[in-house]
Amino acid sequence: MGHTATQQAGSGGLKATEHRLANGLRVVLSEDHLTPVAAVCLWYDVGSRHEVKGRTGLAHLFEHLMFQGSAQVTGNGHFELVQGAGGSLNGTTSFERTNYFETMPAHQVELALWLEADRMGSLLTALDEESLENQRDVVKNERRQRYDNVPYGTAFEKLVAMAYPEGHPYHHTPIGSMADLDAASLEDAREFFRTYYAPNNAVLSVVGDIDPEQTLAWIEKYFGSIPSHDGKRPPRDGTLPDVIGGQLREVVEEEVPARALMAAYRLPHDGTREADAADLALTVLGGGESSRLHNRLVRRDRTAVAAGFGLLRLSGAPSLGWLDVKTSGGVEVPAIEAAVDEELARFAEEGPTPQEMERAQAQIEREWLDRLATVGGRADELCRYAVLFGDPQLALTAVERVLDITPEEVRAVAAARLRPDNRAVLVYEPVQGAEDAADTAEAAETDAEGEAAQ
């Protein structure tokens, strides 16, 4: 079969086995006969951090190109075949990986495996100028719709560029710039595929109502003949000081519906106890309507209409704590910022209460268990831990690690990292007439909905 299996390990009844083909493809299987469905998930160890200056956005562009046809599947055939078989599918790109996934009726798993193998092994035969131009336009339009032409749309891009300095591999976001997307050539795309879309740079997981022996036979049949590639360049070093060392700040005047305070804090790398502690801290402070910031700003002071604090986990660079507060009425941002700093300082001094700690751990536990309970979610997490940390079994014990964190660890990470000298800040100020523009847009949308209904 060209594979080796590791001993099973599990948590809460969940188990996974690991295998490796002769060409380097890592395979993770998790058998689960609760429902007659199965998920196929393929992670490639390539994301925007692997890109170079002048060619940003290639990883995300290639995610789209992977749905443009391969040797045996032309045009939109990948979507048509999966959906015609009763399945669902998609792909996503991040700083650290690109993934592709299908959830299928159990008897259609072979189809999903064949489709993924066909494009891994033969996409270059179908990649031409027409498909490149087609998907370049799709990605540029996606950038317009999600970033450039929506309120606060470029906030994430701006904060990332501030938190990770010029030249850092995480300085740019996966969407890339318009100029770089225009500059990407067909040969750039082909070289990108040859370098990163090889079996020894990927992890394949199959989870659900499967026969492991038969599934491995299909994987060997369809993926085993794809040659490995040894030309991958390692990502650039993402090391940075734990603390920025001073507050970075930018005021953005745009047509937005309300003033906003957004900030990004450097937090511990994913895969560490400190990252789990930071996750709990941000959950207590800004994770939902029971959080401290929501209670203070939205319920008590009524100075904000929304207040949240979340964690963007990253393994190759400091993670980001993402603060997002939208003001209410004519409230000025300095009043919001003073209240936020007061709550962060109090938390750094006192830490979470026993009730807050219990609630935050229960909230994160529920989110993890919900994810592991679905075949698609479990397949994705098994790939994630295999690609980023070398061990898919860690996905099955993640909940235990969160529940093992102490209140003192939560307080300590907040005191060390949630400080004014460790954040990049964006202040949004509406330009004159923005409110009228928002009202006009809302009225136009209402009219359009009415016409559509007719």
Side-chain angles (χ1 to χ4, degrees), residues 1-8 14-45 66-67 69-74 77-91 98-126 197-229 374-384 386-387 392 395:
M1 290 291 295
H3 68 266
T4 57
T6 65
Q7 185 177 0
Q8 283 190 340
L14 302 180
K15 295 181 179 180
T17 58
E18 302 173 54
H19 317 265
R20 190 182 292 271
L21 302 192
N23 59 10
L25 178 68
R26 295 183 67 184
V27 179
V28 185
L29 304 180
S30 182
E31 191 177 359
D32 182 351
H33 301 288
L34 186 62
T35 56
V37 296
V40 172
C41 184
L42 190 59
W43 271 48
Y44 291 93
D45 186 10
M66 284 284 276
F67 291 98
S70 50
Q72 308 299 323
V73 183
T74 60
H78 196 109
F79 277 97
E80 294 169 355
L81 287 168
V82 170
Q83 292 172 342
S88 60
L89 72 161
N90 213 333
T98 308
N99 68 345
Y100 304 90
F101 45 92
E102 296 89 8
T103 298
M104 307 289 286
H107 66 283
Q108 295 285 5
V109 168
E110 184 182 9
L111 172 62
L113 292 170
W114 174 75
L115 285 167
E116 289 294 357
D118 191 60
R119 60 182 176 181
M120 177 191 281
S122 68
L123 185 113
L124 284 184
T125 64
Y197 279 75
N200 54 318
N201 194 47
V203 173
L204 171 67
S205 66
V206 187
V207 175
D209 189 14
I210 60 172
D211 177 336
E213 185 175 345
Q214 176 62 76
T215 302
L216 279 172
W218 285 330
I219 292 170
E220 177 65 38
K221 176 181 178 181
Y222 298 124
F223 289 90
S225 61
I226 302 173
S228 60
H229 182 78
T374 68
V375 293
R378 196 185 322 160
D380 194 54
E381 292 298 338
L382 289 169
C383 280
R384 174 186 165 219
V387 169

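Minimum heavy-atom separation, Ala202 to Leu25: O-CD1, 3.8 Å. Nearest approach of Val40 to Ala112, heavy atoms of both residues: CG2-CB, 3.9 Å. Residues Gly224 and Asn23 share a closest heavy-atom pair of O-ND2, 3.6 Å. Nearest heavy-atom pair across Pro105 and Ala85 is CG-O, 3.3 Å. Gly69 and Leu123 get closest at one heavy-atom pair: O-CD1, 3.6 Å. Minimum interatomic distance between Pro199 and Pro227 (heavy atoms only, all atoms of both residues): CD-O, 3.3 Å.
Under the rule for a side chain to side chain donor-acceptor pair (under 3.5 Å), the partners of Ser30 that lie at least two apart in sequence or sit in another chain are Arg378. Qualifying side chain to side chain contact (heavy atoms under 4.5 Å, CB included) partners for Val82, counting only residues two or more places apart in sequence or in other chains: His78, Leu89, Glu102, Met104, Leu115. Here Arg384 pairs with Asp270, Glu381 under the side chain to side chain donor-acceptor pair (under 3.5 Å) rule; sequence neighbours left out. Residues passing the side chain to side chain contact (heavy atoms under 4.5 Å, CB included) test with Asn90, sequence neighbours excluded: Phe101. Taking Ala71 as the reference, Asp118, Ser122, Thr125 meet the side chain to side chain contact (heavy atoms under 4.5 Å, CB included) condition, with sequence neighbours excluded.
Between Arg26 and Glu18 there is a salt bridge, since at least one side-chain N of the basic residue sits less than 4.0 Å from a carboxylate O of the acidic one.
One finds the CG atom of Leu216 at 9.0 Å from the CG atom of Asp211 (value rounded to the nearest 0.5 Å). To the nearest 0.5 angstrom, Asp45 atom CG is 9.5 Å from Thr98 atom OG1. Residue Ile226 holds its CD1 atom at 9.0 Å from CG of Leu21, rounded to the nearest 0.5 Å. Here the CG atom belonging to Leu14 is positioned 7.5 Å from the CG atom belonging to Asp32, to the nearest 0.5 angstrom.
Between Val28 and Leu204 there is no side-chain heavy-atom pair separated by less than 4.5 Å. Residues Trp114 and Leu81 are in side-chain contact: their nearest non-hydrogen atoms beyond the backbone lie under 4.5 Å apart. Contact check for Met120 versus Leu42: side-chain heavy atoms found under the 4.5 Å cut-off.
In this structure a side-chain-to-backbone donor-acceptor pair under 3.5 Å is present from Arg20 to Gly24.
Side-chain contact of Tyr222 with Glu110: a donor-acceptor pair under 3.5 Å is present, judged by distance alone.
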| message | Please determine whether side-chain contact (heavy atoms from CB on, under 4.5 Å) holds for the pair Thr17 and His19, giving the CA-CA distance in whole Å, both sets of side-chain angles, and the decisive distance to 0.1 Å. | response | CA-CA 7 Å; Thr17 58; His19 317 265; 2.9 Å; yes
| field | Derivation of the side-chain contact (heavy atoms from CB on, under 4.5 Å) call for Val375 and Leu34 | value | CA-CA 10 Å; Val375 293; Leu34 186 62; over 6 Å; no
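Applying the side chain to side chain donor-acceptor pair (under 3.5 Å) test to residues at least two apart or on different chains, the pairs with a partner in residues 197-210 are His33-Asp209, Tyr100-Tyr197, Asn201-Lys232.
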